[in-house]
Amino acid sequence: MAEPVQLATVLSATNLTPNVRQLVLQPQHKLDFSPGQWVSLKLPVGPHPPLTRAYSMAEPASPAGTLTLVFDRVPHGLGSTYLFQLQVGDTVSLSGPYGHFLSPQLLDRELLCITRYTGLVPIHCLLKAWKATRHRMPVFLIAVGPAEDELLYHFELLTLAVTCSVFHYFPLVTSTDTAAVAQVIDVLRPWLRSHHHAQPLLCGTKPFVHPLRQYLMEAGYARKEIRVETYG
Ligand SMILES: Cc1cc2nc3c(=O)[nH]c(=O)nc-3n(C[C@H](O)[C@H](O)[C@H](O)COP(=O)(O)OP(=O)(O)OC[C@H]3O[C@@H](n4cnc5c(N)ncnc54)[C@H](O)[C@@H]3O)c2cc1C
């Protein structure tokens with residue numbers, strides 16, 4: 001059954017990097033969601049409004065019921081360009097939550113997270129939930145950004161890597177999908193030799209995610225055990 005559409009008010013609008021913006025929204029009715037889930041925004045733009053776009057929750061559920069969305073400015077992108085100009089007090093229509101990318105059971109297994117740019121958003125939500133658990137399984141995160149100043153959550157993740165011995169963070173910077181895939185494989189190849197039972201989680205655009213899923217399958221993972229979320 002379709003979730004009801006409701007209005008949400010922008011409580012804060014902040015640039016996390018020059019081209020990534022965070023909106024904290026207060027929906028009229030609280031949404032019960034898990035890390036990895038997303039909401040569907042109905043935006044009053046495009047040739048046939050509303051334009052529907054999906055955005056993952058970047059932070060776990062809060063007592064006040066706020067939703068934190070984080071998105072990059074896609075060149076000529078109708079939806080992200082509209083969202084970028086929203087200000088405190090503006091409203092947006094949304095429905096959800098949706099999706100099955102992540103589940104709490106994942107926190108029982110070593111995680112291999114591979115993300116490109118805002119593909120890190122649902123993994124960030126998962127990491128926040130993971131930090132709150134007492135029994136932490138190791139997490140290995142490879143996060144690719146398009147430029148040094150576009151590495152999302154970079155200082156937060158560096159701090160986590162320094163303060164938490166089971167969290168391993170590999171930031172990479174490259175601007176094309178092909179180079180991003182090649183650089184990730186360079187990091188993965190030696191890692192896979194000594195880690196056999198990790199749970200892979202891949203998130204980003206299809207030209208990034210699909211070749212890496214293929215690589216992991218050639219390395220011995222079954223297709224169904226590789227969790228993917230693809231954007232665009
Ligand atoms: C389940 C799901 C969750 C998502 N969560 C997020 C999120 O948390 N943050 C976020 O920034 N986006 C997220 N997206 C992508 C988002 O829904 C939009 O596709 C994106 O903002 C581009 O919309 P647009 O209208 O601006 O661009 P469009 O006019 O639709 O153009 C999109 C084109 O731009 C390219 N592109 C470059 N960067 C991106 C990008 N980040 N996402 C999609 N396409 C891109 C693609 O090649 C694509 O063909 C999610 C998508 C899905 C399906």
Side-chain angles (χ1 to χ4, degrees), residues 2-3 5 8 10 13-25 27 31 33-61 66-86 92-103 113-129 141 143-147 150-154 156 173-181 201-213 226-232:
E3 301 294 324
V5 175
V10 178
T14 320
N15 279 9
L16 299 186
T17 74
N19 287 304
V20 174
R21 197 153 171 86
Q22 170 179 283
L23 294 180
V24 177
L25 305 175
L31 300 184
F33 70 90
S34 306
Q37 289 197 294
W38 46 276
V39 284
S40 176
L41 269 53
K42 328 285 173 197
L43 307 174
V45 287
H48 307 290
L51 179 83
T52 301
R53 291 287 182 267
Y55 293 93
S56 309
M57 265 63 83
E59 301 282 343
T66 55
L67 301 175
T68 302
L69 306 184
V70 170
F71 44 88
D72 60 300
R73 192 200 311 265
V74 173
H76 311 294
L78 277 176
S80 57
T81 301
Y82 175 79
L83 288 174
F84 247 83
Q85 53 80 47
L86 287 182
V92 62
S93 297
L94 57 80
S95 65
Y98 304 106
H100 308 281
F101 176 44
L102 308 175
S103 67
C113 307
I114 307 175
T115 66
R116 176 119 198 260
Y117 207 15
T118 43
L120 182 54
V121 172
I123 301 294
H124 179 262
C125 194
L126 177 79
L127 286 174
K128 285 287 195 82
L141 168 66
V144 187
E150 290 291 335
L151 281 170
L152 201 51
Y153 303 120
H154 185 50
E156 179 185 330
V173 173
T174 185
S175 59
T176 69
D177 285 312
T178 314
V181 169
L201 302 168
L202 275 57
C203 190
T205 51
K206 284 178 190 160
F208 174 74
V209 166
H210 288 179
L212 288 171
R213 176 168 60 186
I226 306 169
R227 305 253 181 141
V228 301
E229 188 83 278
T230 52
Y231 295 0

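Remember, it's 1-based here, ligands and their atoms both numbered in the order they're listed.
The proximity of D72 to ligand 1, defined as any non-hydrogen pair under 4.0 Å, involves the side chain as well as the backbone. Using a 4.0 Å cut-off between heavy atoms, W38 contacts ligand 1 through its side chain alone, with no backbone atom that close. Counting heavy atoms closer than 4.0 Å to ligand 1, residue V70 contributes backbone atoms (N, CA, C, O) but none from C-beta onward. Contact annotation: for L83 versus ligand 1, there are no heavy atoms closer than 4.0 Å.
Listed by first and then second residue, the side-chain hydrogen bond (donor to acceptor under 3.5 Å, both in side chains) pairs involving residues 69-78 are N19-R73, D72-T118 (not counting sequence neighbours).
Residues K128 and E59 come closest through the heavy atom pair NZ-OE1, 2.7 Å. Summarising the geometry of C125 relative to P60, their closest heavy-atom pair is SG-N, 3.5 Å, with the distance given to 0.1 Å.
An N or O contact shorter than 3.5 Å is missing between T81 and ligand 1 by distance. By the 3.5 Å distance cut-off applied to N or O atoms, T205 is not counted among the residues near ligand 1.
The closest donor-acceptor contact from the side chain of Q37 to the backbone of G99 lies under 3.5 Å.
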Output side-chain donor-acceptor pairs under 3.5 Å for residues 39-51, partner residues at least two apart or in another chain, one line each.
{"residue": "S40", "atom": "OG", "partner": "K42", "partner atom": "NZ", "Å": "2.9"}
{"residue": "K42", "atom": "NZ", "partner": "S95", "partner atom": "OG", "Å": "3.3"}

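Under the 4.0 angstrom criterion, atom 25 (O) of ligand 1 counts as having a protein heavy-atom contact. Proximity of atom 46 (C) of ligand 1 to the protein is not indicated, since no non-hydrogen protein atom lies closer than 4.0 angstrom.
Using bins of under 30°, 30° to 60° and over 60° for the plane-to-plane angle, the ring pair W38/Y98 lands in the tilted bin.
Of the protein's heavy atoms, A54 O, 3.1 Å lies nearest to atom 50 (C) of ligand 1.
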